[in-house]
Number of protein chains: 2
Amino acid sequence: MAIPRAAKTQRRTRIQEEKEERILEAALDVFSQNGFRGATIDQIAEAAGMSKPNLLYYFRTKEAIHRHLIDRVLFTWLEPLRAFNAEGNPESEIRSYIRRKLEMARDFPRESRLFANEVLQGAPHIEDELKGPLKELVDEKAEVIRAWARSGKIAKCDPYHLIFSIWSTTQHYADFDVQVRAVLGQDYAGEGRFEDAARFLEQLFIDGLRARA
Amino acid sequence: MAIPRAAKTQRRTRIQEEKEERILEAALDVFSQNGFRGATIDQIAEAAGMSKPNLLYYFRTKEAIHRHLIDRVLFTWLEPLRAFNAEGNPESEIRSYIRRKLEMARDFPRESRLFANEVLQGAPHIEDELKGPLKELVDEKAEVIRAWARSGKIAKCDPYHLIFSIWSTTQHYADFDVQVRAVLGQDYAGEGRFEDAARFLEQLFIDGLRARA
DNA sequence: CGATAATTTGACCGCTTGGTAAAACATTAC
DNA sequence: GTAATGTTTTACCAAGCGGTCAAATTATCG
């Protein structure tokens with residue numbers, strides 16, 4: 001019998017665990033570089049070092065791989081926002097949110113690009129997640145920010161657009177990496193641009209949101 | 001004889017002009033929604049209301065259409081940055097740059113997404129343009145901003161990351177439109193989000209860059 | 001060991017893809 | 001008009017695509 005993915009025994013075998021991980025790792029490479037339609041199963045299989053039918057033994061369709069990745073990314077991607085703490089000091093909360101998002105752009109650019117590809121092409125696979133869980137989380141944090149503004153801890157501003165602007169500025173360094181590198185020139189060999197970006201963005205957001213008389 | 005695109009007569013016929021325009025218009029739709037690899041010639045042909053071979057009579061390959069569009073977008077996309085004026089008042093120059101970029105995100109979202117798709121996937125077709133003309137223009141304007149900062153007209157800041165942050169925040173409303181809509185909810189039916197974004201971003205950048213003692 | 005289940009392979013299929021060939025058709029120039 | 005050129009269509013192809021199948025191979029367990 002050859003029913004994939006632990007049919008009889010509920011427990012996944014060691015091989016399953018290993019191979020599925022290898023596939024997802026390879027697929028992250030390929031999907032983030034080519035988008036869903038641009039990626040081929042052959043590419044992913046080759047990157048994972050196995051034959052196409054072998055890969056399809058673990059994930060029945062291309063969509064299944066993609067969905068797995070998207071779900072995973074969607075979850076970890078929102079971690080920093082979840083950590084946003086109403087009780088904390090607004091200035092340091094915003095500062096560390098920016099830092100964390102920038103670190104993610106630096107350390108997980110493929111995940112960022114996978115997500116960007118998906119949203120850019122109309123989010124065909126995750127519309128519900130955006131309108132549901134994502135919206136709810138943002139609504140909740142927007143209320144926190146609004147409360148800070150009301151109590152005069154930060155300048156009055158639209159909390160939604162504040163969040164959008166933090167998302168966009170930080171993810172820019174992952175999604176538009178090629179452009180950033182091209183503009184900065186190759187003298188910027190290392191990852192120094194992330195430190196510079198952090199300094200700039202913290203200054204911009206902290207000073208831009210400082211409560212005014 | 002059937003050599004496309006004005007071989008003998010250098011002058012393009014009326015039909016050529018019309019059809020090429022129709023093709024580019026349709027291709028912009030399709031490419032911006034699906035990326036290069038995700039788009040098919042059949043899709044473009046149908047959107048342009050003609051048969052595939054007919055379309056291929058005007059553009060010999062899928063790449064040729066794409067290149068044509070990219071070149072066009074690359075040029076118009078930089079208009080606002082070119083307009084950036086060293087002699088002007090820093091505050092109003094930055095303000096109007098943001099406004100202009102936001103208007104482009106609102107009025108030409110397809111162009112923005114076409115560009116985003118390209119850069120996101122490693123800019124395989126336009127690396128040279130990014131490292132050449134784009135970098136030169138940005139270098140030039142960065143010098144302007146740096147001069148403003150030196151003379152105390154605005155806060156000291158990294159001009160490159162300032163430009164990146166304006167690009168990213170404004171284009172976000174075109175490229176991540178689905179997400180923005182999802183988060184804001186459908187009560188935001190109209191284009192009001194662009195006005196809100198403009199207000200927020202102007203506040204953020206103007207206050208964030210205000211010269212400090 | 002042997003039996004059973006899990007994994008891997010190679011051959012294959014139907015469909016879509018980018019692109020071509022050649023002839024039919026339309027337009028323009030004289 | 002008619003000849004030359006420009007445009008459109010029909011039929012087609014080879015390659016690439018996502019995915020299947022059955023058989024071969026390997027791992028697991030008593």
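Throughout, a chain's letter reflects where its sequence line sits, starting with A, and its residues are numbered from 1.
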* Summarise protein proximity over nucleotides 15-20 of chain C in one line of letters, 5' to 3': B for base, S for sugar-phosphate only, - for none, counting protein heavy atoms closer than 4.0 Å. => --SBBB

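- Distance CD1 (B/I23) to P (D/dT7): 11 Å, rounded to an integer number of Å.
- Remark: B/S51 is not in phosphate contact with D/dT8, judged by side-chain N or O atoms under 4.0 Å from OP1 or OP2.
- Look at CD on B/E17: it is 15 Å from C1' on D/dG6, rounded to the nearest Å.
- Here C/dG10 presents its P atom at 15 Å from CG of A/L55, a figure rounded to the nearest Å.
- Not a single ring-ring contact (aromatic ring centres under 6.0 Å, His included) links A/Y160 to another residue, sequence neighbours left out.
- Between the CG atom of A/N34 and the C1' atom of D/dC17 there is a distance of 14 Å, rounded to whole Å.
- A salt bridge does not link B/E103 to B/R100: none of the charged nitrogens lies less than 4.0 Å from a carboxylate oxygen.
- Taking atom CG of B/N54 as the reference point, atom C1' of D/dT7 lies 7 Å away to the nearest angstrom.
- The interatomic distance linking B/K19 (NZ) with D/dG6 (C1') rounds to 11 Å, in whole Å.
- No close placement of the A/Y173 and A/W167 rings is indicated, their centers lying 6.0 Å or farther apart.
- If one axis is set at each end of the helix from C/dC1-D/dG30 to C/dC30-D/dG1 from five pairs, those axes are 10° apart, to 10°.
- Salt bridge absent: A/R72 and A/E20 never bring a charged side-chain N and a carboxylate O closer than 4.0 Å.
- Every residue meeting the side chain to side chain donor-acceptor pair (under 3.5 Å) condition with B/E202, not counting sequence neighbours, appears here in chain and number order: B/R95, B/R99.
- Taking 4.0 angstrom as the limit, B/Y57 places none of its side-chain polar atoms (N or O) nearer than this to OP1 or OP2 of D/dT8.
- Each of B/R106, B/H172, B/R193 was compared with B/D177 under the side-chain contact (heavy atoms from CB on, under 4.5 Å) criterion, and only B/R193 meets it.
- The residue from B/R113, B/R110, B/R22 that alone fulfils the salt bridge (charged side-chain N to carboxylate O under 4.0 Å, His left out) condition with B/D29 is B/R110.
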Just distance, no hydrogens or angles: give the donor-acceptor pairs under 3.5 Å from side chains in residues 121-128 of chain B, sequence neighbours left out.
from: B/Q121; atom 1: NE2; to: A/N117; atom 2: OD1; distance (Å): 3.3
from: B/H125; atom 1: ND1; to: B/E118; atom 2: OE1; distance (Å): 3.2
from: B/H125; atom 1: ND1; to: B/E118; atom 2: OE2; distance (Å): 3.0
from: B/E127; atom 1: OE2; to: B/K131; atom 2: NZ; distance (Å): 3.1

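- To the nearest angstrom, C1' of C/dT8 lies 12 Å from CZ of A/R22.
- Looking at residues two or more places apart in sequence or on another chain, you find no salt bridge (charged side-chain N to carboxylate O under 4.0 Å, His left out) involving A/K62.
- In this structure, B/Q16 atom CD and D/dT5 atom C1' are separated by 11 Å, rounded to whole Å.
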